[in-house]
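Have a look at the structure below, then the notes.
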Amino acid sequence: LAVHGAEVFMRQVLVHGRFHADLHPANLLVTPDNRIAYIDFGIVGELTPHERAAVAQVLAALVFRDPERALRYSAQLGVTVPSDRATAVCENLHLLMERTLGSGALAGATPADVKGFGLGLFFFKQRTAYEIPVGYGLLVKSLVTVEGVARALYPEIDIIETARPFVTELLLKRTVRADVPVCVLAIDISRSPGVRRVVSPSTRLIVPSERRSINRTFAARRASCRSG
């Protein structure tokens, strides 16, 4: 139930671009037929397609512990870092990621601590005077709230890893339209037969011939997931 709830939230953010931004326990119900019901839509966040793509890139950066990528795409969401403090912010963000985001999908890894990460972001904001827009802060707050509710049911859940398949799908759709640099795609689906494995998570371009193979593999995996 906790994983399903977290996945539903990620789908709201990354697929639909409209999300319930106040998902504390009093605003969540479980129906007799085991469905999750939301109430009280007093706080709702909205994202344009461009913003959804930027959020996906930021989440990919969190998955791969890439502070430069996180800052680059956060700038597209309105986060303003003074140029003379960019290096210091990047270094602090790297340390914050290492301290709070664990080791990702590695066996035996400690789940990411999104609450600790969010608190660290706002602490750095006070120290370095960079600007975080209201919408960005609302999304971070929502992630923290969802993590808290999910962990009350399932303490081992990793919210960042929950975002991985949605990030992959959104970036895949972008590569179909244009040569967009990606890394999450290669890492996430490289285990599938017929897709060349990319060992390093460094950014690269998916060429047209690879796109066709990736599209077929992704469609087969999605169909398999749905049938299962």
Side-chain angles (χ1 to χ4, degrees), residues 1-63 70 73-74 77-79 93 96-97 99-102 104-105 109-126 130-170 225-226 228:
L1 184 63
V3 173
H4 180 60
E7 289 176 345
V8 168
F9 177 75
M10 292 301 173
R11 188 177 296 113
Q12 290 177 50
V13 173
L14 296 173
V15 178
H16 301 296
R18 179 175 295 178
F19 59 95
H20 194 307
D22 194 23
L23 287 177
H24 56 76
N27 285 342
L28 290 167
L29 299 174
V30 178
T31 66
D33 56 348
N34 293 320
R35 291 189 295 174
I36 298 174
Y38 294 167
I39 60 175
D40 187 3
F41 288 81
I43 306 177
V44 175
E46 294 191 13
L47 298 167
T48 66
H50 176 76
E51 289 170 334
R52 292 204 306 271
V55 169
Q57 294 283 6
V58 171
L59 288 172
L62 298 184
V63 168
Y73 287 98
S74 290
L77 295 167
V79 176
L93 186 56
L96 180 63
M97 286 180 171
R99 188 171 72 247
T100 62
L101 298 185
T110 302
D113 176 13
V114 173
K115 180 179 179 180
F117 182 78
L119 291 174
L121 278 182
F122 290 106
F123 176 70
F124 290 153
K125 176 182 181 295
Q126 295 176 345
Y130 65 85
E131 295 298 324
I132 298 179
V134 173
Y136 193 94
L138 185 64
L139 180 57
V140 173
K141 169 188 171 293
S142 300
L143 279 171
V144 170
T145 304
V146 169
E147 179 188 64
V149 173
R151 285 207 171 150
L153 299 173
Y154 179 36
E156 292 79 22
I157 192 171
D158 190 321
I159 295 297
I160 299 301
E161 286 301 318
T162 301
R164 184 187 290 258
F166 297 98
V167 169
T168 301
E169 181 170 4
L170 186 56
C225 290
R226 286 177 175 173

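Hydrogens, waters and symmetry mates are skipped; everything else that's a heavy atom, side chains included, is used. Values in this document were obtained by computation on a predicted structure and should not be read as measured data.
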Check against side-chain contact (heavy atoms from CB on, under 4.5 Å), I159 and I157: CA-CA 6 Å; I159 295 297; I157 192 171; 4.2 Å; yes
Residues V13, R52; criterion side-chain contact (heavy atoms from CB on, under 4.5 Å); working and verdict: CA-CA 7 Å; V13 173; R52 292 204 306 271; over 6 Å; no
Pair F117-L143, side-chain contact (heavy atoms from CB on, under 4.5 Å): steps then yes or no: CA-CA 11 Å; F117 182 78; L143 279 171; over 6 Å; no
Candidate pair F19 and L139, rule side-chain contact (heavy atoms from CB on, under 4.5 Å), full reasoning: CA-CA 9 Å; F19 59 95; L139 180 57; 3.9 Å; yes
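Going from atom CG of L96 over to atom CZ of F123 covers 10.5 Å, rounded to the nearest 0.5 Å. Note: H4 NE2 to R35 CZ = 10.0 Å, rounded to the nearest 0.5 Å. Note that OG of S142 and CG of D22 are 7.5 Å apart. Values are rounded to the nearest 0.5 Å.
Not a single salt bridge (Lys or Arg N to Asp or Glu O under 4.0 Å) links D113 to another residue, sequence neighbours left out. Every ring pair (Phe, Tyr, Trp, His ring centres under 6.0 Å) that Y38 has, sequence neighbours left out, goes to H20. Applying the side chain to side chain donor-acceptor pair (under 3.5 Å) rule to N34 yields no partners; only residues at least two apart in sequence or on another chain are considered. Not counting sequence neighbours, the partners of A26 by the side chain to side chain contact (heavy atoms under 4.5 Å, CB included) test are H24. Partners of R11 under the side chain to side chain contact (heavy atoms under 4.5 Å, CB included) rule, at least two apart in sequence or in another chain, are V8, V15, H16, F166. Not a single salt bridge (Lys or Arg N to Asp or Glu O under 4.0 Å) links E7 to another residue, sequence neighbours left out.
The shortest side-chain heavy-atom distance between V167 and V63 does not fall under the 4.5 Å cut-off. Between R18 and L47, the closest side-chain pair of non-hydrogen atoms is not below 4.5 Å. In this structure, M10 and V146 have side chains that are not in contact, with every pair of non-hydrogen atoms separated by 4.5 Å or more. Side-chain contact check for E161 versus P111: every heavy-atom pair is 4.5 Å or farther apart. You'll find the side chain of M97 reaches within 4.5 Å of the side chain of L62, heavy atoms only.
When all heavy atoms are compared, the tightest approach of A150 to A2 is O-CB, 3.4 Å. Considering all non-hydrogen atoms of both residues, G78 and P133 come closest at O-CD, 3.4 Å. Between A112 and D158, the shortest heavy-atom contact is N-OD2, 3.1 Å. In plain terms, the two heavy atoms of T31 and A37 that are nearest each other are CG2-CB, 4.1 Å. Across every non-hydrogen atom of V58 and A70, the tightest pair is CG2-O, 4.0 Å.
Formation of a donor-acceptor pair under 3.5 Å by the K141 side chain with backbone atoms of A21 is found in this model. Remark: the backbone N or O of V114 is paired with a side-chain donor or acceptor of E147 at under 3.5 angstrom.
For the side chain to side chain contact (heavy atoms under 4.5 Å, CB included) test with V149, the passing option among N27, L23, L28 is L28; the others fail.
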